[in-house]
Amino acid sequence: QVQLVESGGGSVQPGGSLRLSCTASRSTPENYFMAWFRQAPGKPREGIAGVSRDGSTTPYADSVKGRFTVSRDNAKNTLYLQMNSLKSEDTAMYYCAASRGGPYFMPPRLTDFGVWGQGTQVTVSS
């Protein structure tokens with residue numbers, strides 16, 4: 001089973017940008033629909049962006065549409081999330097996840113995703 005490791009989180013001021021990466025440990029990420037989720041303190045985990053196996057379909061949650069861009073490079077076993085125009089409400093732990101099903105609209109059911117990374121913290125604050 002694929003294993004996922006996120007990186008790229010950090011602290012940034014409002015209006016700034018960050019790029020998250022999620023690297024898969026095995027060479028078959030193309031078998032999975034991939035997605036980014038986030039969880040703020042005291043709130044449920046929510047799916048915010050997904051990408052189909054071939055990268056052609058990229059659904060987004062309304063909260064990030066137009067600001068975030070999800071992409072994948074199957075040759076590098078890596079999923080990305082480019083986050084621009086960050087807001088304080090984007091502060092959360094960000095997780096990547098993989099599903100053998102899909103594609104899904106955002107937000108999807110968490111139970112549709114069987115593989116999760118450990119998360120990377122994003123803090124947006126002045």
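This structure is a prediction, so every number in the text was calculated from the model and none was measured. Below, each value reflects all heavy atoms present in this structure, side chains not excepted, and no hydrogens, waters or symmetry copies.
Of all non-hydrogen atoms in S17 and S85, the two that sit nearest each other are OG-N, 4.4 Å. Residue M34 comes nearest to A98 through the heavy atom pair SD-CB, 3.5 Å, listed as atom of the first residue, atom of the second, then distance. Here the closest heavy-atom approach between residue T120 and residue E6 is recorded as CG2-CB, 3.9 Å.
For residues 98-126, the set of pairs meeting the ring-ring contact (aromatic ring centres under 6.0 Å, His included) definition, not counting sequence neighbours, comprises F33-Y104, F37-F113, F37-W116, Y104-F113. Legend: disulfide (SG to SG under 2.5 Å) pairs involving residues 90-126, not counting sequence neighbours, sorted by first then second residue: C22-C96. Each ring-ring contact (aromatic ring centres under 6.0 Å, His included) pair with one or both residues in residues 55-88, not counting sequence neighbours, would appear here, but there are none. Screening residues 110-126 for salt bridge (charged side-chain N to carboxylate O under 4.0 Å, His left out), with sequence neighbours left out, gives R109-D112. Sorted by first and then second residue, the salt bridge (charged side-chain N to carboxylate O under 4.0 Å, His left out) pairs involving residues 9-22 (not counting sequence neighbours) form an empty list.
How far CG of N77 is from CZ of R72: 10.0 Å, rounded to the nearest 0.5 Å. Remark: M106 CE to W36 CH2 distance equals 13.0 Å, nearest 0.5 Å. The CG atom of L20 sits 12.5 Å away from the OG1 atom of T78 when rounded to the nearest 0.5 Å. The line from CG of L81 to OG1 of T69 is 8.0 Å long, rounded to the nearest 0.5 Å.
Counting heavy atoms from C-beta outward, Q121 and T91 have side chains that approach closer than 4.5 Å. Residues V5 and Q118 are in side-chain contact: their nearest non-hydrogen atoms beyond the backbone lie under 4.5 Å apart.
Looking only at distances, no side-chain donor or acceptor of T123 sits under 3.5 Å from a matching main-chain atom of S11. Of the possible polar contacts, one joining the R53 side chain to the N31 backbone as a donor-acceptor pair under 3.5 Å is found.
Annotation: side-chain hydrogen bond (donor to acceptor under 3.5 Å, both in side chains) contacts of Q82 (sequence neighbours excluded): N84. Partners of K65 under the side-chain hydrogen bond (donor to acceptor under 3.5 Å, both in side chains) rule, at least two apart in sequence or in another chain, are D62. For D54, the side chain to side chain contact (heavy atoms under 4.5 Å, CB included) partners at least two apart in sequence or on another chain are S52, S56. Partners of R67 under the salt bridge (Lys or Arg N to Asp or Glu O under 4.0 Å) rule, at least two apart in sequence or in another chain, are D90.
At a cut-off of 3.5 Å, with distance as the only test, a side-chain donor of R100 or Y32 sits close to an acceptor on the other residue.
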Do Q3 and V115 pass the side chain to side chain contact (heavy atoms under 4.5 Å, CB included) test, and can you show the C-alpha distance, the side-chain angles, and the key distance before you say yes or no? CA-CA 7 Å; Q3 294 179 328; V115 185; 5.7 Å; no
Side chain to side chain contact (heavy atoms under 4.5 Å, CB included), that's the test. Do T23 and L4 meet it? Break it down for me. CA-CA 6 Å; T23 301; L4 306 174; over 6 Å; no
Which atom pairs, donor and acceptor, lie under 3.5 Å between side-chain atoms of residues 41-51 and protein residues at least two apart or in another chain?
from : atom 1 : to  : atom 2 : distance (Å)
R45  : NE     : Q39 : OE1    : 3.3
R45  : NH2    : Q39 : OE1    : 3.4
E46  : OE2    : R38 : NE     : 2.9

